[in-house]
Structure formats: structure tokens, C-alpha cells
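The block underneath contains the structure these notes are about, expressed in C-alpha cells.
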Number of protein chains: 2
Amino acid sequence: MTTVPYRFYLPEDKIPKQWYNLRADMKELPDPMLNPGTMQPVTEEELAHIFCAELAKQELDNTTRYVDIPEGILEMYKIFRPSPLIRAYNLEKVLGTPAKSYYKFEGNNTSGSHKLNSAIAQAYYAKQQGITSLTTETGAGQWGTALSEACAYYGIDLSVFMVKTSYNQKPHRKTVMETFGSKVIASPSNTTEAGRKILAEDPDNGGSLGCAISEAVEVAVSTPNCRYVLGSVLNQVLLHQSVIGLEAKTAMEMLGEYPDLVIGCAGGGSNLGGLIAPFMQDKLLGKKDTKFIAVEPASCPSLTRGKYAYDFCDTGKITPLAKMYTLGSGFKPSANHAGGLRYHGMSPVLSKLYHDGYMDAVAVEQTKVFEAATLFAKHETILPAPESSHAIRVAIDEALKCKETGEAKTILFGLTGTGYFDMTAYDSFNNGKMNDYIPTDEDLERALANLPKIG
Amino acid sequence: MTTVPYRFYLPEDKIPKQWYNLRADMKELPDPMLNPGTMQPVTEEELAHIFCAELAKQELDNTTRYVDIPEGILEMYKIFRPSPLIRAYNLEKVLGTPAKSYYKFEGNNTSGSHKLNSAIAQAYYAKQQGITSLTTETGAGQWGTALSEACAYYGIDLSVFMVKTSYNQKPHRKTVMETFGSKVIASPSNTTEAGRKILAEDPDNGGSLGCAISEAVEVAVSTPNCRYVLGSVLNQVLLHQSVIGLEAKTAMEMLGEYPDLVIGCAGGGSNLGGLIAPFMQDKLLGKKDTKFIAVEPASCPSLTRGKYAYDFCDTGKITPLAKMYTLGSGFKPSANHAGGLRYHGMSPVLSKLYHDGYMDAVAVEQTKVFEAATLFAKHETILPAPESSHAIRVAIDEALKCKETGEAKTILFGLTGTGYFDMTAYDSFNNGKMNDYIPTDEDLERALANLPKIG
């Protein structure tokens, strides 16, 4: 018999009623987003043309430490939250490690990932404001699926610009979004100025998140009563996703645990930023010396090989500029790259923390990631998303290090979602057809050559 | 604020530690399975050539009311159980019904369905007995996936004979099973006598569950230290699946509820038999007068249009015979039929209860099923499996009847799984390409013409 249960769900009275805004505790704040026209810090009013008003406010609010979660969102969260904190007993056993491993499993809702936490919040605020349609982009499709579910619930029309390579590789993702009533457009498309421009230069362009963002923003700002929403990178998204870390921290406290090590996959940073938030608070306040590891794909290594600089958030260069680790807004990961985590930049908050030494980062190759995914699936009976499996890879590596040193570290990692829509990638791995791709230094120099010249 | 929560998880001390054997409370037992050679009731010893010893015992045990769940299985159940009992607040609201609707959601594990409840039990007993390999069949793939997960965990080799039409339509299902380490063979195959015989008669035969069973049983009985396992129909499977109903009943009691109506989809009967078990006990003992509805596809209507007779469980006619509602062991649902629920027969226990008037049955057409699935997905944020959506269809119909009559009935239905691997079917529905298929009376007469002549 086990003393700590496999799956631990917070009791109802312990469920967070506020989000936590990590910026309120940072010693130094990230540099502000800039208006691409004026090169001055964007104002809430300017942002409110793109985002819903409340979300524009959250984006720029660096001081409010705790933000009340509206009752309407709490009600929706109850449909799929709390998510379980799972002790990886089976994985520990097969690894023979003295380390204790916990994972926060966010794939336990039908969107299949943590993205629903912010999707519901953003759709809720849009509904409150009387917005009738939203636009967004999606890469692997997790965000698009989550937002489709949220918009179906609130009765908001949604257009999703889906990265074309992914659109073609994952027709089932498109079908899910359509089932929830969304319109899905392969990006770059000829429905926008930004898309037509990219296609004119390169008719075979397979798209990128940066490109899809350009298209989605263009439609949002040119359509009455429409706004744009984004599933990662932004401060507001990290705020909503803090629910992951808050639940995890309370659950661990109830189990008498505190992590020595917190590990998460990092694309734009939404899951990682949410998971680490309350633990990072303890570190920033000098209460704990937890180690944080961001895990990114070797094929899209913004933290480990990118540059900390102002860059556009999109390829069409119509969005505000953010100071972040970036590979250049024109960077496209190899078509060979499976799953998400394909954004050229990284959350400005996480970029700043990494730059200031509060967090580590490692890049891993995808065959190693799928090895870890398969081992995990067989022993934990959860088929992980490729994205999440980046965190699993490093969690396993760290547990194996403990086996060597004999240390009984407590590891917490984020299991952001399930891999049901990634079977083509699993199939290629199972049949030995999966390759690794690492951009050369020349590839990266080329992509970074066009960074905007700021300050 | 809601008084009954959206999702209710049983506290740890209320989790069932025993399965419930409905046969122990039946006024009249189902007729016994017959040995196809002797036409005499099969003995435990005979069954033990096909099944693991403990499972053969459970199959024939009509008297033990409660069976202790072994500690090893309880430990594995903890990984994904208890499953939530969900109050369908959102669905109730959109239907505008006074009825209260609850569903027991069994898709909250990565196999995506309730099948894992019995897969773990069967793999556990095999492991205890020192069995090194198992064979089985799968139609839509839910059972094959669940058993693959269980066998990966226990380190048992697994060969899955997958109905060929499904194998071709759902390559991703195959990949999931392979990811868990299973071998997947399209059935009918040329790897068995039974498969070769069927292919000789009809080279384009798309297969059926009955045919895949013949192949799997043949391999099991001719391979040393190998046994056959089945995911539905059998008494042992209904025993394991009683955990669904036991959890649901305890949860409802804790919420101060008792269902007036229990609805489940029915293919071989595993989910329905498990869900209704403890409620049916109350009816058999005269304590309650709950109504039970089995929902089957109009394209494979064993209860509503089949014959209550002895029939083979497989197409190759090598398995024991069971007295059940059957469409004939050669029956194949139209290729047009999406999802599972495609077995020619029905659990002997459920067949007997239906025959004796304890349960009702309705057959529904698949476009109506997908209409219900889509409405449910949009409002409950869960993408249901086509199988489960049969129950949703009738639960919605019953809730709408309550709207007409003003009755505030309490409805409980089984949501057996998620539809992630059924996007081709959803796509065909979304695009208006889904057809209904109902076998003609002539079709059924033809399939029933070859029933074995018994007594």
C-alpha cells in the first residue's frame, strides 16, 4: 500500500480562487512591449484594439499580485479542474531511482491539454465584453482545439489560422475544431494581406506560428466586434495558467512535499510559466532555492540558441515587439519536427527569468523525446503529447542522475497533454523513421539577421 | 453556485474493494454455455484451456455475490479510478429540461474507455498464472488499446486481431497499440486456419468481431503458455465492469440521488452490464423500480431485431455456444457503420434480463447519434466516442420527454469513452456525408438462417 496516492485531487475548499501574477514579485520586470509604429511602450488603449479590454489590462498589469478568477470562469473550471497531481510510482520503479517524481496532468479534459485554462478565460472576457467573434492561430492544434471548445460553450464565432504543414499532417485536429463549430483556415492563406504577401514570395510556404498570428491579427483588427486571442507567450496567458502551479503547490503541501526541481516543456512558455509561478515566487522571495528547467526542442531552440532581443511576435511584423529570446520572426522549424513547441520566441517573463539566472534550459532531440514518451506510456498508462514528452525526457534524465548519486530529490514536471492526435509521429518513431533535425549555426544566423534594430 | 458539483470523485474510503456479480441475484440464470463438441455445458476445466484459470472460474461462478478485487488490481485501478460522476448542468440548460442528468465518465484514462477496467483484471490474472502471451480481438480499437496498456504494464506479449475494415479506417488505433508494444494483425488474416478459410471463401472479407475472435482463440489454444481474453459479452467481463456501477451508485447516494432511468450503449454489453449491475440488484430484490435502457445501433440491432437462441460467439464456430440475442455469427454490420457496437450477439446475462422484461432496448441511427454527440461536445466540453453517443442520444431524448411532461426525472447514463480516434466519422458527419444503414428483414433472415440447431 502507498501512503501518497497515485492521483491526488485537491478538495473543493482548496481550489484556487485567484490567479497569481508572477510579475508582481520579479526583482526586475521584462522590458515593455513596443508599438511597432511608434517604437514606444504600447498602451492599454492600443492593445485593446487587438485584445479584449480586460485582457489588455491584464497584459500590462505588473503590480497586482493576485487576480480574482471571475465566478463564471470558476464555474467552467469546475468541469475539468482540479487536475490530478500524480505520483509516478510506476516510472520510479522501472527507473530504479531514489528520486520521487510527481507530475501535474493537464490532459484530463477533452481538449487534451492545459490550453483550456486560458481559452476559457479569454472566451469568457470576450463574451462579457459583447465580442461576437474571435480569431487565433494554432500550430499542432492544442490551442485551437481548446479555444474551439471554449467558444462553442460561450457561443462565440471562431476562426483558427492553422499552420499549413500541421493542417496537412493533422486533418483530424481540423475535424475536432470543426466539430466544435470553428472555421479552420490553412495558413498562409489568400484570405489576408499578410498571407498573400508571404505566398507571393514563397507559394510553397508551409507556414509558421508567426505567420498565422499575422493573419489572425489582421482579421481581428479589420472585423467589427472581433478580437484576437493567443494561447501562449503573453503575460495574460501565464497569469491564467498559474492555476496549474497553484494547484500543484497546494497539493504538494498537503502531501508534505516541496519540489527540488520543477521541469516543463517550453514553446511559447504558457505551461512552464503557469507551472513554475508559485514556486518561482518562493525563489524570488528568497524562501526556497528550487531549480527550474525549461525543456525545448533542439529543432526550435529559442532559449538555448536564440538571442535576447526585441523582436516581432509575428512574421508579418504587424504585432507589438517584445523583448524575448528569439530565433527571428521568420524562423520555421523543420517540417520533420513533430508536435508543437515551434514558436520562434519565448514568453518575455520567462525570457527575463532565464536571462537573470533564475531558470535553466536544455534542448532535446525528438527521437530521445519519443523514447521517453514510449517508456512513460507503457508504465504510467498515459499516452503523452510530444510536447509534454520533452519534460518527461528531462525528468527521466534527472531521476537517473539521482540513481547515480543516490539523492532522493523530489521532482515535479508538467504533463501538459495527451498524444491522441500525434499518432503519425508515434508511428514514424515506432518504425524507426523519425529523424532529428538541429538547425545549423548558419540557419540561425540567417533567421536572426533580420531582427529589428532597437535601442 | 451549484450544490451538486460538476464532477464528483468518490473519496478514497468509499472506493469499491469488491466487484458485484449480478448473477447471484438473478431469479433465473442465463442458460449455460455449451461445449461445441459435446453440446454439454462447458466445465471450468474446459474453459481453462482458453481463458486464464481464475477467469474461467469467474465465468462459471453464478453464486458468489461479491468478489474481492485483488490488491494488485486495486493498486492499478488507483492510477485512473475513481472515474468522475458528472452532472450534465450545461446539457440540461441547453435542453431546458427539468430532468437531472448524470453521467459516469469512463474516458478519463489514456485508453480512452471503460475497457481498461477489465483489461487490467484479465492481464493481472494472466500474470499471476505465469502466462507469457495473450491474444484478443478488437473492433473499433478501444478494447485492443486498453489491453495493450495493461499488457505493457504487466510485461505480457499481446497479439491483437483487428477487424480489417476498422484496421484500414483507423491506422492511428493500430499505432497506439504498437506504441504500447502489441502486435496488431488485420483480420481475417492468413496467419490462422480460421482466417484462411474465410479468405478462401471471400478474399475481400472485411472481417467482423466474430471472425477476429476465431483467429485469436485459435492462436491462444495452439500456443504454449498463451491464453485468449475478450473485452465484452462474457460474465467475467461484466463482473469486472461492475466497478462502474458500484462507484456510480455510491456517488449518487452521497449526493442524495437515485436514478429513475439508467441508460447505456450496448454492443457486447460490457459497459451496460457494469453500469446497471448494482441498480439492477435493487430491482431484482424488489427495492426499486428503475427503468433500464440498452441503446444499440440500428445497423447492428441484436436485442431489438435479433433472436434469443444458442449461437456461436465467433464466426469460425470454434468457441463455446451461448444463449443470447444474436444476429447470427456470420452477421457483419455495414462498412458504413462507424465506431464499435458491432458484435453479432449480446451478453447472455443482459440477454436474459431483457428477455425476462427487466430491461428495455432501443436501436438508433448513426446520424441521430452524431447529432447528439456534437451537441453534447459543444456544451459538456467532452468529445464523446460514437459508442457512448448512442447513450447520449437516448438520454437527450428522455430529457426532452421530461420537458414535455414536466417530470423532473433523474437520469444516469454511461459515457464510456472519448472520440479522439473517430474523427473520420465526425468529419463525415460534419460534412453531411454520413448515411444511415438499417439491415432489411431479408438481411437478418439470411444471417439467422445458419443458427445452430440446439435442443
Side-chain angles (χ1 to χ4, degrees), chain A residues 1-2 5-7 9 11-12 71 75-82 86 89-90 107-112 116 120 145 148-150 152-153 155 171-176 178-181 370 373-374 377-384 418-431, chain B residues 1-2 5-7 9 11-12 71 74-82 86 89-90 107-112 116 120 145 148-150 152-153 155 171-176 178-181 370 373-374 377-384 418-427 429-431:
Chain A
M1 284 300 294
T2 49
Y6 275 95
R7 294 200 165 199
Y9 292 93
E12 198 160 343
E71 197 57 51
E75 280 290 298
M76 275 302 279
Y77 275 2
K78 282 184 193 165
I79 297 185
F80 64 101
R81 304 206 69 81
I86 306 182
Y89 281 116
N90 294 347
N108 239 356
N109 66 72
T110 322
S111 85
L116 195 56
I120 281 172
T145 303
S148 296
E149 292 199 7
Y153 178 74
H172 292 177
R173 270 289 183 198
K174 170 174 167 277
T175 302
V176 181
E178 288 174 344
T179 299
F180 284 102
F370 276 82
T374 305
K378 285 182 179 166
H379 294 277
E380 291 291 322
T381 74
I382 293 175
L383 185 80
T418 49
Y420 295 105
F421 290 104
D422 300 285
M423 296 324 298
T424 305
Y426 270 99
D427 190 52
S428 110
F429 174 75
N430 291 343
N431 292 298
Chain B
M1 284 302 293
T2 48
Y6 275 95
R7 292 199 166 201
Y9 292 94
E12 199 162 340
E71 197 58 50
L74 282 176
E75 279 292 298
M76 275 301 280
Y77 275 2
K78 281 185 192 164
I79 297 185
F80 65 100
R81 305 205 67 83
I86 306 182
Y89 281 116
N90 294 346
N108 239 356
N109 66 73
T110 321
S111 85
L116 196 55
I120 282 173
T145 303
S148 295
E149 292 199 7
Y153 178 74
H172 291 177
R173 270 288 182 198
K174 169 174 167 276
T175 302
V176 182
E178 287 174 346
T179 299
F180 285 102
F370 276 81
T374 305
K378 285 183 179 167
H379 294 277
E380 291 291 320
T381 75
I382 293 175
L383 185 80
T418 49
Y420 294 105
F421 290 104
D422 300 284
M423 297 323 299
T424 305
Y426 270 100
D427 191 52
F429 174 75
N430 291 343
N431 292 298

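Everything numeric in this text was worked out from a predicted model, so none of it was measured. Hydrogens, waters and symmetry mates are skipped; everything else that's a heavy atom, side chains included, is used. Within every chain, numbering begins at 1; the chains are lettered A, B, ... in the order of the sequence lines, protein sequences first and strands thereafter.
- Only the backbone of B/N109 comes within less than 4.5 Å of a heavy atom of chain A; no side-chain atom from C-beta onward does.
- Using a 4.5 Å cut-off between heavy atoms, A/F370 makes no contact with chain B at all.
- Side-chain contact between B/M423 and B/H172: absent, with no pair of heavy atoms (C-beta onward) separated by less than 4.5 Å.
- Heavy-atom pairs under 4.5 Å with chain A were tallied for B/A377, B/P171, B/G112; the largest tally goes to B/A377.
- Most heavy-atom pairs under 4.5 Å with chain A, from the set B/T418, B/T374, B/N430: that is B/N430.
- Checked by atom type and distance alone, the side chain of B/R7 pairs as donor or acceptor with a backbone atom of A/I79 at under 3.5 Å.
- No other option in B/T381, B/D427, B/L383 has as many heavy-atom pairs under 4.5 Å with chain A as B/T381.
- Between A/L116 and the choices A/E149, A/M76, A/R81, the side chain to side chain contact (heavy atoms under 4.5 Å, CB included) rule is met once, by A/E149.
- Among all heavy-atom pairs drawn from B/K378 and A/G181, the shortest one is CE-N, 3.9 Å.
- Only the side chain of B/N90 comes within less than 4.5 Å of a heavy atom in chain A; its backbone stays farther off.
- Taking OH of B/Y6 as the reference point, atom OH of A/Y77 lies at 14.5 Å (rounded to 0.5 Å).
- Both the backbone and the side chain of B/T424 come within contact range of chain A, with heavy atoms under 4.5 Å apart.
- Ring-plane geometry between B/F421 and A/Y420 is classed as perpendicular, the angle between the planes exceeding 60 degrees on a 0 to 90 degree scale with a lower cut at 30.
- Using a 4.5 Å cut-off between heavy atoms, B/Y153 contacts chain A through both its backbone and its side chain.
- At a 4.5 Å heavy-atom cutoff, the contact between A/Y9 and chain B is made by side-chain atoms alone.
- Heavy atoms only, all atoms of each residue included: B/R173 and B/S111 are closest at NH1-O, 4.0 Å.
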